[in-house]
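In what follows, a structure is listed as structure tokens, so that the remarks can point back to it.
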Amino acid sequence: QKEVEQDPGPLSVPEGAIVSLNCTYSNSAFQYFMWYRQYSRKGPELLMYTYSSGNKEDGRFTAQVDKSSKYISLFIRDSQPSDSATYLCAMSRFRSSGAGSYQLTFGKGTKLSVIP
Amino acid sequence: SQTIHQWPATLVQPVGSPLSLECTVEGTSNPNLYWYRQAAGRGLQLLFYSVGIGQISSEVPQNLSASRPQDRQFILSSKKLLLSDSGFYLCAWSVQAGTYEQYFGPGTRLTVT
């Protein structure tokens, strides 16, 4: 079983729709969760991060974490064509080997297209 | 604010040739630095990370190596490239302690022919 599972899509939605992106994970040691947005041929851009279960909102974006189910989500409200990108989930546990070294485990990304 | 640079942006190299990719970070001191490779359909693969000058940890055995000659400079090298080294190489940085987020550079697209 892979540590992080993410549906690769592609996911195509009309402009203005609510988008739901999800990841599941198998290792309960993961405690810190992030979402990245990656435009084609660009580096990933940190979108949101959360360290606890529950919801965190930032503008049109809401990150949701359910540690009991090992399930995280990113919701995009009023989706725009500029939201068309690949969305990567990432998560971390502290590794004692290597002081200050925090490793991230990434999902493979979901490709989203928002159609005008 | 912090900025991360990578160069070159694009590189086409023949099999067996050497490689040197450079990454520099501005606006922060003593960062953790990371090299990732992103291949189509395979996600982000951590290659190396560094917690300080001269301190390199390798995550995946391969014909690549990394060096950190200065606090905010990270170099990825190879003596002889393989076809399988083609991919999108990303450098990232994070603070030493307290938070877990990593910030990525623009990437270098390497094609080995």
Side-chain angles (χ1 to χ4, degrees), chain A residues 2-10 21 23-25 27 29-52 56 58 63 65 72 85-111, chain B residues 1-7 9-10 21 23 25 28-53 55-60 68 87-111:
Chain A
K2 294 180 181 177
E3 282 195 298
V4 180
E5 299 271 7
Q6 185 176 11
D7 187 337
L21 304 165
C23 287
T24 59
Y25 60 96
N27 193 334
F30 287 134
Q31 298 292 322
Y32 312 99
F33 305 92
M34 281 141 273
W35 285 95
Y36 287 84
R37 177 175 62 194
Q38 186 175 22
Y39 291 114
S40 180
R41 307 182 77 83
K42 302 291 185 183
E45 168 195 2
L46 180 65
L47 205 55
M48 295 190 72
Y49 64 90
T50 180
Y51 293 175
S52 58
K56 181 178 181 179
D58 183 2
V65 174
I72 67 171
T86 296
Y87 289 80
L88 302 160
C89 64
M91 46 200 77
S92 177
R93 59 187 183 275
F94 179 70
R95 290 193 184 181
S96 58
S97 60
S101 169
Y102 302 107
Q103 312 291 315
L104 292 183
T105 300
F106 287 85
K108 290 189 176 181
T110 300
K111 186 172 184 179
Chain B
S1 63
Q2 298 84 10
T3 309
I4 180 168
H5 302 280
Q6 285 187 247
W7 64 89
T10 306
L21 303 181
C23 170
V25 181
T28 187
S29 296
N30 198 27
N32 290 331
L33 295 172
Y34 309 83
W35 277 113
Y36 289 87
R37 178 169 56 206
Q38 188 175 37
R42 297 190 62 184
L44 279 162
Q45 180 185 33
L46 179 64
L47 303 175
F48 300 94
Y49 67 89
S50 171
V51 299
I53 295 173
Q55 301 178 63
I56 309 295
S57 297
S58 174
E59 288 290 305
V60 181
R68 183 171 177 174
F88 192 42
Y89 287 82
L90 290 156
C91 181
W93 73 273
S94 69
V95 299
Q96 276 283 351
T99 65
Y100 295 79
E101 308 90 79
Q102 293 181 14
Y103 300 90
F104 286 84
T108 294
R109 187 159 302 277
L110 171 66
T111 303

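Below, chain A is the first sequence line, B the second, and so on; all start at residue 1. Predicted model, so just to flag it, every value in this text is computed and none were measured.
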What's the shortest heavy-atom distance between A/L46 and B/Q102, and which atoms?
CB-O, 4.5 Å
Side-chain donor/acceptor pairs under 3.5 Å, residues 103-111 of chain B, sequence neighbours excluded:
from   : atom 1 : to   : atom 2 : distance (Å)
B/T108 : OG1    : B/P8 : O      : 2.5

Which atom pair, heavy atoms only, marks the closest approach of A/M34 to B/Y100?
SD-O, 3.8 Å
Between A/G107, A/A90, A/G43, the one whose heavy-atom pairs under 4.5 Å with chain B are most numerous
A/G43
May I ask you to decide if the ring planes of B/Y36 and A/F106 are parallel, tilted or perpendicular, using 30° and 60° as cut-offs?
perpendicular
Give, as side chain, backbone, both or neither, the part of A/Q38 having an atom under 4.5 angstrom from any heavy atom of chain B.
side chain
Heavy-atom proximity to chain B below 4.5 Å, by part of A/P8:
neither
Gap between atom OG1 of A/T86 and atom CD of B/Q38 - 0.5 Å precision:
8.0 Å
Over 12 non-hydrogen atoms of neighbours within 6.0 angstrom of NZ in A/K56
yes
Chain A heavy atoms under 4.5 Å from B/Q55: which part of the residue, side chain, backbone, both or neither?
neither
